[in-house]
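In this chain, numbering begins with 1 at the start of the sequence shown. Computation of the quantities below employed the complete heavy-atom set of this structure, encompassing side-chain atoms and omitting hydrogens, waters and symmetry-equivalent molecules.
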Amino acid sequence: TLYDFHFDDEKQRWIPWTKLVPKYVHNPKEKFLDILVPTVDTTRTSWLLEEMVMIKHYVLLVGESGTSKTATTQNFLKNLNTDDTLLLTINFSSRTTSMNVQRNLEANVEKRTKVTYGPPMGKRLLVFIDDMNMPRVDEYGTQQPIALLKLLLEKGGMYDRGKELNYK
């Protein structure tokens with residue numbers, strides 16, 4: 001299928017992903033938890049993450065439990081240049097609220113103008129959210145933390161939860 005091949009721009013030809021999987025070299029000093037053996041899936045996903053981060057596009061990885069989504073993403077993120085990138089990891093659970101998410105995001109950005117916020121100048125903030133499906137479903141069938149993220153991504157901001165309810 002198309003997903004079994006990668007188009008190489010330089011060679012102007014299709015290459016099977018199996019040819020692009022790096023050889024695994026065991027490092028006995030590495031913790032077992034940190035070991036990620038490259039496979040076709042992890043290689044393809046890492047390439048996709050790299051391309052999407054480069055063009056500043058959101059990425060949502062979906063799949064069955066145990067398919068290495070988290071491990072592959074964490075492996076990709078640990079190799080990022082920390083000189084110009086800040087990383088925020090948020091682990092969702094059944095107890096995660098939209099307020100938790102908003103406070104976490106606000107704690108990692110600074111105020112630039114009255115209603116403009118962002119990471120420190122010269123830096124880029126990447127947010128990795130794990131177990132996004134975990135927040136409790138409320139009586140309206142909504143998962144509030146996800147609704148907040150939807151507002152942020154679609155409208156580019158969120159409401160201040162103070163008295164004024166200003167949009168920022």
Side-chain angles (χ1 to χ4, degrees), residues 1-96 98 100-102 104-105 107-109 117-137 143 145-156 158:
T1 69
L2 178 64
Y3 301 107
D4 295 326
F5 295 89
H6 167 74
F7 188 76
D8 188 321
D9 286 336
E10 292 176 16
K11 297 178 182 174
Q12 292 290 301
R13 63 186 182 104
W14 292 94
I15 299 173
W17 280 107
T18 53
K19 301 277 189 211
L20 300 173
V21 177
K23 184 176 177 3
Y24 173 70
V25 179
H26 180 66
N27 178 358
K29 294 179 181 169
E30 195 169 25
K31 294 179 186 173
F32 181 76
L33 198 69
D34 296 332
I35 296 173
L36 182 67
V37 178
T39 65
V40 169
D41 289 328
T42 61
T43 303
R44 184 175 33 228
T45 303
S46 295
W47 175 84
L48 179 66
L49 286 169
E50 186 175 327
E51 294 298 308
M52 294 295 106
V53 166
M54 189 169 46
I55 63 171
K56 299 180 180 179
H57 205 284
Y58 317 121
V59 179
L60 177 64
L61 298 179
V62 180
E64 295 291 324
S65 182
T67 55
S68 191
K69 298 177 300 294
T70 299
T72 302
T73 303
Q74 287 175 334
N75 188 59
F76 169 77
L77 293 173
K78 80 176 183 185
N79 293 316
L80 286 175
N81 180 0
T82 56
D83 292 339
D84 59 4
T85 304
L86 294 175
L87 178 62
L88 170 59
T89 300
I90 304 174
N91 293 301
F92 278 10
S93 73
S94 61
R95 298 177 59 127
T96 303
S98 60
N100 298 139
V101 176
Q102 185 165 346
N104 212 335
L105 291 169
N108 285 278
V109 294
Y117 293 80
M121 292 304 275
K123 297 269 187 177
R124 179 176 174 193
L125 178 64
L126 285 183
V127 181
F128 169 54
I129 299 173
D130 198 14
D131 293 328
M132 198 165 145
N133 65 313
M134 293 297 289
R136 184 181 61 79
V137 177
Q143 290 172 291
I146 297 173
L148 177 70
L149 292 174
K150 184 177 186 291
L151 175 70
L152 181 61
L153 295 179
E154 288 181 354
K155 304 296 182 187
M158 60 185 127

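- Few gaps surround NZ on Lys78; more than 12 heavy atoms of other groups in view lie less than 6.0 Å from it.
- In terms of heavy atoms, Phe92 sits closest to Asp131 at CB-O, 3.1 Å.
- Between Leu20 and Trp47 the shortest side-chain heavy-atom distance does not fall below 4.5 Å.
- For the pair Thr96 (side chain) and Ser93 (backbone), a donor-acceptor distance under 3.5 Å is present.
- If you take CG on Leu148 and CD on Gln143, they are separated by 13.0 Å, rounding to the nearest 0.5 Å.
- Considering all non-hydrogen atoms of both residues, Val59 and Met52 come closest at CG2-CB, 3.2 Å.
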Side chain to side chain contact (heavy atoms under 4.5 Å, CB included) between Asn100 and Asn104, worked out: CA-CA 6 Å; Asn100 298 139; Asn104 212 335; over 6 Å; no
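- One finds the CZ atom of Phe128 at 7.0 Å from the CG atom of Asn91 (value rounded to the nearest 0.5 Å).
- With contacts defined as side-chain heavy-atom distances shorter than 4.5 Å, the pair Leu126/Leu77 qualifies.
- Counted within 6.0 Å of NZ on Lys123, heavy atoms from surrounding residues, nucleotides or ligands total more than 12; the atom is thus considered enclosed.
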CA sep, side-chain torsions, deciding dist, call: Thr73, Leu61, side chain to side chain contact (heavy atoms under 4.5 Å, CB included): CA-CA 9 Å; Thr73 303; Leu61 298 179; 3.4 Å; yes
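- Heavy-atom minimum distance, Met132 versus Leu60: SD-CD1, 4.0 Å.
- Heavy-atom minimum distance, Gly63 versus Lys69: O-NZ, 3.2 Å.
- Side-chain contact between Gln102 and Leu152 is absent, with no heavy-atom pair separated by less than 4.5 Å.
- Within the model, atoms CG of Asp41 and OG1 of Thr72 stand 8.0 Å from one another, a figure rounded to the nearest 0.5 Å.
- For the pair Thr39 and Thr43, the tightest heavy-atom approach, listed with the atom from each and the gap, is O-OG1, 2.7 Å.
- What you find for Trp17 and Val40 is that their closest heavy atoms are CB-CG1, 3.6 Å.
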From CA spacing to verdict: side chain to side chain contact (heavy atoms under 4.5 Å, CB included), Leu149, Val101: CA-CA 9 Å; Leu149 292 174; Val101 176; 4.1 Å; yes
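- Interatomic distance, Thr70 OG1 to Asp130 CG, rounded to the nearest 0.5 Å: 3.5 Å.
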Ignoring hydrogens and angles, write down the donor-acceptor pairs under 3.5 Å from the side chains of residues 21-34, residues two or more places apart or on other chains.
from  : atom 1 : to    : atom 2 : distance (Å)
Tyr24 : OH     : His26 : ND1    : 3.0
Asn27 : OD1    : Lys29 : N      : 3.0

Side chain to side chain contact (heavy atoms under 4.5 Å, CB included) evaluation trace for Ile129 with Val127: CA-CA 6 Å; Ile129 299 173; Val127 181; 3.9 Å; yes
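- For the pair Thr42 (side chain) and Pro38 (backbone), a donor-acceptor distance under 3.5 Å is absent.
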Mind listing the side-chain donor-acceptor pairs of residues 3-14 below 3.5 Å, one per line with the distance, residues two or more places apart or on another chain?
from  : atom 1 : to    : atom 2 : distance (Å)
Asp4  : OD2    : Thr1  : N      : 3.0
Asp4  : OD2    : Thr1  : OG1    : 3.4
Asp8  : OD1    : Glu10 : N      : 2.9
Asp8  : OD1    : Lys11 : N      : 3.1
Gln12 : NE2    : Asp9  : O      : 2.6

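- Between the Lys155 side chain and the Lys150 main chain, no donor and acceptor come within less than 3.5 Å of each other.
- Of the possible polar contacts, none joining the Ser68 side chain to the Ala71 backbone as a donor-acceptor pair under 3.5 Å is found.
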